[in-house]
Amino acid sequence: MNPLTGIGRPLDFNYRTNRVLAYVVMITVLVLGGYKSYAGYELGAAMAQALMGGIGIFLTWALNREIDPAWEWSAFTALIPLFFYVLFYSPPPWLPLFLLLLLTRILNRSTGYQAQVSDIILVLFIAGWMAYSG
């Protein structure tokens, strides 16, 4: 058990779905960066949009994986519409996705461990930041 967190978990690349996710995120970042720069964004803004889109894709997959842990491939179902949304509009806000992921892990105890004090402080900080910033 990690002494800092009870809900953190590394991405194990021995699982096929985790390797597929890594490829999906890399392809997403490359395609988004190319498309956004072609659409008229400056290079820095295009890469920022691409990285934020990749983070959004990953967090959406992780949240879906926590919701339905029994079937590994169900986490990919939301990625196709999200990819096109990110491609034509903007990346999803990743802070609410991250907060939902943390709360889901605390409620499900899917890591097998109880949440530590640092996990609760992180959740309260993120929720407070989101409430403060509107």
Side-chain angles (χ1 to χ4, degrees):
M1 181 171 101
N2 189 344
L4 293 178
T5 179
I7 58 175
R9 177 180 352 178
L11 194 61
D12 186 7
F13 287 106
N14 291 327
Y15 289 105
R16 183 175 181 209
T17 54
N18 294 355
R19 289 191 307 267
V20 169
L21 172 72
Y23 294 132
V24 166
V25 169
M26 286 188 288
I27 290 168
T28 299
V29 169
L30 291 173
V31 168
L32 285 176
Y35 180 79
K36 295 290 184 178
S37 63
Y38 176 76
Y41 285 80
E42 293 181 11
L43 184 61
M47 291 315 302
Q49 289 273 319
L51 289 175
M52 293 303 291
I55 291 170
I57 291 283
F58 173 76
L59 288 174
T60 301
W61 174 85
L63 181 61
N64 288 335
R65 186 76 174 95
E66 293 296 325
I67 291 171
D68 186 13
W71 193 51
E72 296 175 347
W73 293 99
S74 67
F76 290 96
T77 55
L79 300 187
I80 295 169
L82 179 63
F83 172 78
F84 287 108
Y85 178 81
V86 171
L87 185 66
F88 296 118
Y89 296 106
S90 65
W94 61 268
L95 201 56
L97 287 173
F98 186 62
L99 180 64
L100 284 173
L101 176 65
L102 292 177
L103 289 172
T104 304
R105 284 189 176 177
I106 289 172
L107 289 174
N108 286 350
R109 292 185 67 181
S110 59
T111 59
Y113 299 108
Q114 163 178 352
Q116 303 293 324
V117 173
S118 60
D119 300 324
I120 303 301
I121 290 171
L122 179 63
V123 165
L124 288 174
F125 177 76
I126 293 172
W129 178 265
M130 288 175 52
Y132 176 75
S133 64

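Below, each value reflects all heavy atoms present in this structure, side chains not excepted, and no hydrogens, waters or symmetry copies.
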Same hydrophobic cluster for [X] and [Y], using side-chain heavy-atom links shorter than 4.5 Å among ILVMFWY?
X      : Y      : answer
Phe13  : Met26  : no
Ile27  : Leu30  : no
Leu107 : Leu97  : no
Phe76  : Tyr15  : no
Ile121 : Leu100 : no

Pairwise side-chain contact, [X] with [Y], heavy-atom cut-off 4.5 Å (strictly under):
X     : Y      : value
Phe98 : Leu122 : yes
Leu11 : Phe58  : yes
Pro91 : Ile55  : no

### Task
Would you list the pairs meeting side-chain hydrogen bond (donor to acceptor under 3.5 Å, both in side chains) in which at least one residue belongs to residues 39-67, sequence neighbours left out?
Arg9-Glu66, Glu66-Arg105, Glu66-Ser110
#### Entry: Those residues that, when tested against Ser74, pass side chain to side chain contact (heavy atoms under 4.5 Å, CB included) (two or more places apart)
Asp68, Trp71
Residues, nucleotides or ligands: over 12 heavy atoms within 6.0 Å of [X] [atom1]:
X      : atom1 : value
Ile80  : CD1   : no
Tyr132 : OH    : no
Trp73  : CH2   : yes

### Query
Considering residues at least two apart in sequence or located in another chain, which fulfil the ring-ring contact (aromatic ring centres under 6.0 Å, His included) criterion with Tyr89?
Tyr85
### Task
Quick one: pull up CD1 in Ile106 and CD in Gln116 and give me the separation to the nearest 0.5 Å.
10.5 Å
### Task
Enter the distance from Lys36:NZ to Met47:CE here, rounded to the nearest 0.5 Å.
12.5 Å
### Query
Does any N or O in the side chain of Asn18 come within less than 3.5 Å of the main-chain N or O of Asp12, such that one atom is a donor and the other an acceptor?
yes
### Query
So, for Ala50 and Gly33, which heavy atoms are closest and what is the spacing to 0.1 Å?
CB-N, 3.5 Å
### Query
Leu99 and Met130: which non-hydrogen atoms are nearest, and at how many Å?
CD2-SD, 3.9 Å
### side-chain contact (heavy atoms from CB on, under 4.5 Å) between Leu102 and Asp119, intermediate numbers included
CA-CA 8 Å; Leu102 292 177; Asp119 300 324; over 6 Å; no
### Task
Look at the rings of Tyr38 and Tyr35 and say which category their plane angle falls in: under 30° parallel, 30 to 60° tilted, over 60° perpendicular.
tilted
### Task
List the steps, then state whether side-chain contact (heavy atoms from CB on, under 4.5 Å) holds for Thr28 with Val86.
CA-CA 9 Å; Thr28 299; Val86 171; 5.6 Å; no
#### Entry: Name of the residue among Leu32, Val29, Leu79 meeting side chain to side chain contact (heavy atoms under 4.5 Å, CB included) with Ile57
Leu79
